[in-house]
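Each remark here refers to the structure printed beneath this line.
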Amino acid sequence: MPLRVYNTLTGEKEIFVPLTPGKAGMYVCGVTVYDYCHIGHARAGVVFDIIYRYLKYVGYDVTYVRNYTDIDDKIIKRANQEGTDYRTIADRYIQAFDEDMARLGLAKPTVEPKATDHIDGIIAIIETLVEKGHAYTSEGDVYYAVDTFPGYLKLSGRAMEEMQAGARVEVGDRKRNPMDFALWKGSKPGEPYWSSPWGEGRPGWHIECSAMSMKFLGKTFDFHGGGKDLVFPHHENEIAQSEAANGCQFVRYWLHNGFVNINAEKMSKSLGNFFTIRDVLQKYDPETLRFFILSAHYRSPIDFSDQNLDESQAALERIYSCLAAIDELLQSNAVSSEMAVVEHLSPVGQELQEKLTQLIPRFVDAMDDDFNSAQALGVVFETVRSTNRFLAETTEMTPIALSLIARVRHLCNEIGSVLGLFNSKPSVWLDGIKRAKADQLDMTPEQIERLIVERAEARASRNFKRSDEIRDLLLTHGIQLLDSVQGTTWNVK
RNA sequence: GGCGCGUUAUCCAAGAGGCUAGGAGCCGGUCUGCAAAACCGUUAACGUCGGUUCGAAUCCGACACGCGCCUCCA
């Protein structure tokens, strides 16, 4: 099955046919850098990260552009509040964005342009639009005349009359049509500005994406992505600008990710119900957050809650525990490349072998179906179960058994490199989770160890009443004892 | 008001005409002094009412409930 993607423009899943064979151009709206990123940004980041990785994985030469909008009213407002300049604010939050995305394990895009580095390109497009009669000047501003573009609202699938009937659109006296939007805004005293044919000013929101995408990907390119909330007005306006200026199709496939909800309601700045990525990473491992995001299809809403994050962590622990067991085995047994001809696999071994031959094809099937990462993870879990079963019943690690196990490891790495998951050393990752939990205890490790020793003594003298008392006491502090032949260790419940 | 989306077992979540999704939980087993942990096994579902079909979670219609966009937003 070829790659099929859901295109917002047509409202259907379509087979992806690249503009240029073997290549894929992809532009994703990054952030306006005026504050720390919240988990909605994390979702968009992770979703387009795996789309980028997957396109590369299936062999495309991908040019991935993700911008920073570093000039905007909100940035200026923030700078004024803090008594500093817009550049300081923009640079601070660009750095914060980079840190957050790096922690989430995002691959670096091919290019990460900033709007302020492309003012010339922005001005050039506006000039073209004015020349072609799609834009007009008004008291130092330049506006896009939406009436001049017949395809306006084709992405969001609305009618102009309905939009205006909403009565929530302000009628600006500088605009001919209330739906017209600013391409260029004349600067007020004290505001940052660039010179232009229309006087000193700055670009409006939307035009920077038209300019930067054209510069790095051309007038027509394959994918344009962003959150669902950008469909209108941002992407609609980008289409109007780019197609009117260039006279050709702008984007071939529009991709939009769903929202992150809190208690089934959209998380947003205006509602004030948002969590920053930094807040969440104080409590949860970045890979857990990433897993949580990928456990649902990218277009569906996901409900952010402690319970859901805890479940994601438990699920990821299951995978890492399996990988840790594999690593331990492979470390203590040299894998021979020679396979003894006489060896036979048990039925469970044959089942695992069968699962492994299907693993990558099934993973690819899932991802080909509009990047269905949730289904892809299901395939991984089935492999984990087969592997665990095989490990449990295999008493002697023969060369063929070891090579089978090594193959599981190899394929999990391959899938993990596409999803950006399970790339940590399993034992280290599991230890990290354990340590993070231990930090929240009201007992020190020394106290715990002392009680474990006392319990061991009690057990040795078959004083089970006392040993069980200690076990229960620790449990009330959230500490779970793990007995094994090597001795007793503990874990945080 | 206009437009659009969703409703899958106890919870999270795939699937989109006949084919075991998966995870967490419950329950059973292995292990254990007994447990726990781990592992294995197992369970159960398609909002309501109609229609199409040999066959419907899946397609069509109505209804109910929830959500989103129409305003800065990922």
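Order of the sequence lines fixes the chain letters, A, B, ..., with proteins taken first and strands second; residue numbering starts at 1 for each chain.
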| task | Step through it carefully: locate the ring centre of A:Tyr36, locate the ring centre of A:Tyr93, and say whether they are under 6.0 Å apart. | result | yes

| query | When only distance counts, do a donor and an acceptor, one from the side chain of A:Arg471 and one from the base of B:C34, lie under 3.5 Å apart? | reply | yes

| What interatomic distance, in whole Å, is found between C1' of B:G51 and the corresponding atom of B:A56? | 11 Å

| task | Would you classify A:Gly40 as touching base, sugar-phosphate or nothing, given that sugar-phosphate means primed atoms plus P, OP1 and OP2, and contacts are heavy atoms under 4.0 Å? | result | base

| task | Give A:His234 one of three labels, base, sugar-phosphate or nothing, depending on what nucleic acid heavy atoms sit under 4.0 Å from its own. | result | nothing

| Closest approach of A:Ser346 to A:Glu393 (non-hydrogen atoms, all atoms of both residues) | OG-OE2, 2.7 Å

| field | P gap between B:C46 and B:A21, integer Å | value | 14 Å

| task | State whether the aromatic ring of A:Phe464 stacks on the base of B:G33, taking stacking to mean ring centres under 5.5 Å apart and ring planes under 30° to each other. | result | yes

| said: Does the structure show a Watson-Crick or G-U wobble partner for B:U58, both distances under 3.5 Å? Name it, or say none. | reply: none

| said: Just to be sure I understand the rule, does A:Asn257 reach a base, reach only the sugar-phosphate, or reach nothing, if contact means heavy atoms closer than 4.0 Å? | reply: base

| task | Could you tell me whether the side chains of A:Tyr298 and A:Asp370 share a donor-acceptor contact shorter than 3.5 Å? | result | yes

| message | Would you measure the distance from the C1' atom in B:U48 across to the matching atom in B:G6 and give it in whole Å? | response | 16 Å

| field | Span that lies between the C1' atom of B:G18 and that of B:U53, in whole angstrom | value | 12 Å

| query | Using purine N1 to pyrimidine N3 plus N6-O4 or O6-N4 for Watson-Crick, or N1-O2 and O6-N3 for G-U wobble, both under 3.5 Å, which nucleotide pairs with B:C39? | reply | B:G29

| So what does A:Glu393 hit on the nucleic acid, given a heavy-atom distance under 4.0 Å: a base, only sugar-phosphate, or nothing? | nothing

Distance-only donor-acceptor hits, side chain of residues 469-477 of chain A, under 3.5 Å, sequence neighbours excluded:
residue  : atom : partner  : partner atom : Å
A:Glu469 : OE1  : A:Arg466 : NH1          : 2.9
A:Glu469 : OE2  : A:Lys465 : NZ           : 3.4
A:Thr476 : OG1  : A:Leu473 : O            : 2.5
A:His477 : ND1  : A:Asp442 : OD1          : 3.1
A:His477 : ND1  : A:Asp442 : OD2          : 3.4

| Can you find an N or O donor on one side and an acceptor on the other, under 3.5 Å apart, linking the side chain of A:Arg385 with the base of B:G22? | no

| query | Say you pick atom C1' in B:A57 and the same atom in B:C39; how far apart are they, in whole Å? | reply | 33 Å

| task | Using a heavy-atom cut-off of under 4.0 Å over every strand shown, decide if A:Val47 touches base, sugar-phosphate, or nothing. | result | nothing

| Relative to the ring of A:His234, is the ring of A:His206 parallel (under 30°), tilted (30 to 60°) or perpendicular (over 60°)? | tilted

| task | On RNA chain B, check which nucleotide each of A:Arg362 and A:Gln480 is closest to and give me the residue with the more 5' one. | result | A:Arg362

| query | Would one find a side-chain N or O of A:Ser312 under 4.0 angstrom from OP1 or OP2 of B:A24? | reply | no

| remark: Picking from B:G33, B:G2, B:A14, the nucleotide nearest the side-chain atoms of A:Ala296 would be B:A14

| field | Interatomic distance, A:Phe232 CZ vs B:C72 C1' [rounded to whole Å] | value | 12 Å

| remark: Using Watson-Crick geometry (N1-N3 plus N6-O4 or O6-N4) or G-U wobble (N1-O2, O6-N3), each under 3.5 Å, B:U53 is paired with none

| Should A:Lys266 be listed as having a side-chain N or O under 4.0 Å from OP1 or OP2 of B:C69? | yes

| query | To the nearest Å, how far apart are A:Tyr298 OH and B:A13 P? | reply | 18 Å

| query | For A:Asp483, which contact category applies under a 4.0 Å heavy-atom criterion: base, sugar-phosphate, or nothing? | reply | base

| note | Per atom distances to the A:Glu382 side chain, the nearest of B:G23, B:A74, B:U20 is B:U20

| field | Side-chain N or O of A:Arg318 closer than 4.0 Å to phosphate OP1/OP2 of B:G23 | value | yes

| message | Please give the distance between the P atoms of B:G28 and B:U8 as a whole number of Å. | response | 29 Å

| request: Could you tell me whether A:Lys228 contacts a base, only the sugar-phosphate backbone, or nothing, with contacts defined as non-hydrogen atoms closer than 4.0 Å? | output: nothing

| said: Checking side-chain polar atoms at under 3.5 Å, does A:Glu99 have a donor or acceptor matched by the opposite partner on A:Gln95? | reply: yes

| request: Round to a whole Å and report the spacing from CD of A:Glu12 to P of B:C5. | output: 12 Å

| message | Can you tell me whether the side chain of A:Asp468 and the base of B:G33 have a donor-acceptor pair closer than 3.5 Å? | response | yes

| query | With distance as the sole criterion, do the side chain of A:Glu311 and the base of B:G23 form a donor-acceptor contact below 3.5 Å? | reply | yes

| In B:A57, glycosidic geometry as syn within 90° of 0 or anti otherwise | syn

| request: Ignoring hydrogens and angles, answer whether the base of B:A38 and the side-chain atoms of A:Asn388 contain a donor-acceptor pair closer than 3.5 Å. | output: no

| task | Applying ring-ring contact (aromatic ring centres under 6.0 Å, His included) between A:Tyr64 and each of A:Phe221, A:Phe48, A:Tyr27, A:Tyr52, report the one that passes. | result | A:Tyr52

| message | Just to be sure I understand the rule, does A:Leu482 reach a base, reach only the sugar-phosphate, or reach nothing, if contact means heavy atoms closer than 4.0 Å? | response | base

| Which part of the nucleic acid, if any, lies within contact of A:Ser268, taking any heavy atom under 4.0 Å across all strands shown: a base, the sugar-phosphate backbone alone, or nothing? | base

| Does any nucleotide pair with B:A14 by Watson-Crick or G-U wobble geometry, both distances under 3.5 Å, and what is it? | none

| task | Report yes if some heavy atom in the side chain of A:Lys283 is under 4.5 Å from a heavy atom in the side chain of A:Leu309; otherwise report no. | result | no

| remark: Which of B:C34, B:A13, B:A74 is nearest the side chain of A:Ala374? It is B:A13

| query | Watson-Crick or G-U wobble partner for B:G66, using a 3.5 Å limit on both distances? | reply | B:C5

| query | B:A13 P sits how many Å from A:Phe371 CZ, rounded? | reply | 21 Å

| Who is the Watson-Crick or G-U wobble partner of B:U20, with both distances under 3.5 Å? | none

| task | For B:G1 and B:A16, measure between their C1' atoms and round to the nearest Å. | result | 33 Å

| task | Specify the residue among A:Phe292 and A:Thr32 whose closest nucleotide of RNA chain B lies further upstream toward the 5′ end. | result | A:Phe292

| query | Can you tell me if A:Thr69 and A:Asn67 form a side-chain donor-acceptor pair at under 3.5 Å? | reply | yes

| message | Under 4.0 Å, heavy atoms only, any strand: does A:Gly30 hit a base, just the sugar-phosphate, or nothing? | response | sugar-phosphate

| field | Among B:A14, B:A24, B:C69, the nucleotide that comes nearest once only the side chain of A:Arg158 is considered | value | B:C69

| request: In whole angstrom, give the distance that lies between atom CG of A:Asn491 and atom P of B:A37. | output: 10 Å

| request: Using the P atom on both, measure B:A45 against B:A38 and round to a whole Å. | output: 28 Å

